[in-house]
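Counting starts at 1 for both ligands and their atoms, following the listed order. Nothing here was measured: the structure is a model prediction, and the numbers come from that model.
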Amino acid sequence: MKNRLLALLLALTALLLSACGGEDDPSRTVYAMDTVMNLTVYGEGGETVLSEAESLLHELESTLSRRVEDSAVAALNRDGSVDHALVADLLAEAVRVAAATDGAFYPALAQVIDLWGFGTDALRVPSQEELSPLLEALEESAFSIAGDTVTLIGEADLDLGGIAKGCAGDLLCKLAREKGVESAVFDLGGDVAVLGTKPDGSAWRIAVKDPADAAQYLGVLTLTDAFVTTSGIYERYFEENGVRYHHILDPNTGKSAESGLVSVTVVCESGVWADALSTACFVLGANEARSLREDLADTLAFELILVTEDGRVLYTEGLADTFAPAEEGNYTYEVIS
Ligand code: AMP
Ligand code: MG
């Protein structure tokens, strides 16, 4: 047992080193968007990129977080309309995801999230009487986007929590590329963007967390140029009378999604889509997530790792060579189409 634990610890250390770089690598820890982020940028100009990346993350937080008092999204929710190019672009993308997922991803859940208290210390289970009017408001909500002007139609407020980190990942990679960087890894609190290869030319190794124990992992992805995002029940939750309530909400019920899944990892070239799709596929469940992947195949390729509540790890065939299941653990693994 001791030896097994030691081997696991060593394996984990090696993994962290390979994902975050070594001690002397140019890296920085940033706290933004409610998350501890680790950025590592290799090559000439790495330090400059890190400084600009840090500023960019703070700027994104003060634009996209509805809880930052004078953010563009807070202004939109308060005034019903705002002029902001990034918010307009990101919302347009969010609306595309909402349409593609039949509303499983829906970027206007702010009041429903607040009713549960997610993101605050005041967590509680709301009554159906409280939820129903908010669900009606959701039904009637819409967005108008004209140039850089975004207008909310109806009572529901915008919440970009399910897509903002993906947007950050895309913008960090864009920034690094523009500065001539060919090798970087941006770990945005578990959602990871990797640029190019490691400096030695090998692929990055990214651990996928075990939703039952986030200090353990289910397997390792070996990738170059990709975004990996995970939506899981372990991220934000509380328990009451033995029931776990987590932060991924089904827009149809206003309650924690119960789709038979406990975690969804998406691998995709686009950070925004990876982030939004992990949330959406969690709500949809395994079968609908697989159909969605088929439906989108011609427009946007993405791969999935789905963990079911009965202990199965289903991963799509595109990951057959890149995902290595953990050697120990309680899961069974299956390649799916
Ligand atoms: P993620 O961890 O990326 O799945 O994002 C979860 C966050 O997205 C939550 O904390 C909410 O802010 C928001 N959210 C929850 N459920 C949904 C949903 N069905 N569609 C869009 N955003 C959601
Ligand atoms: Mg997401």
Inset, instruction - Return the set of residues passing side chain to side chain donor-acceptor pair (under 3.5 Å) with Trp116 (not counting sequence neighbours), or none when no residue passes. - result: none
Inset, instruction - Using a cut-off of strictly less than 2.8 Å, determine whether Asp275 has an N/O/S atom near the Mg ion (ligand 2). - result: yes
Legend entry - N, O or S of Thr279 under 2.8 Å from the Mg ion (ligand 2): yes
Inset, instruction - Establish, from distance only, whether the side-chain atoms of Asp310 and Thr308 form a donor-acceptor pair under 3.5 Å. - result: yes
Inset, instruction - Check whether the side chains of Thr265 and Tyr315 place a donor and an acceptor atom closer than 3.5 Å, and report yes or no. - result: no
Inset, instruction - Quick one, list the residues around ligand 1 where some non-hydrogen atom comes in under 4.0 Å, by chain and residue number. - result: Ala104, Phe105, Tyr106, Leu109, Ile113, Asp159, Gly161, Gly162, Ser231, Glu235, His247, Ile248, Leu249, Pro251, Asp275, Thr279, Val283
Legend entry - Salt-bridge criterion met for Asp159 and Arg67 (N-O under 4.0 Å): no
Legend entry - Transitive ILVMFWY cluster of Ile153, excluding itself - 4.5 Å side-chain cut-off: none
Listed pairs under 3.5 Å, donor-acceptor, residues 330-337 side chains, sequence neighbours left out:
| residue | atom | partner | partner atom | Å |
| --- | --- | --- | --- | --- |
| Tyr331 | OH | Asp210 | OD1 | 2.5 |
| Tyr333 | OH | Leu218 | O | 2.6 |

Inset, instruction - Measure from NZ or CZ of Arg236 to the centre of the six-membered ring of Phe118, then state whether that distance is under 6.0 Å and the direction lies within 45° of the axis. - result: no
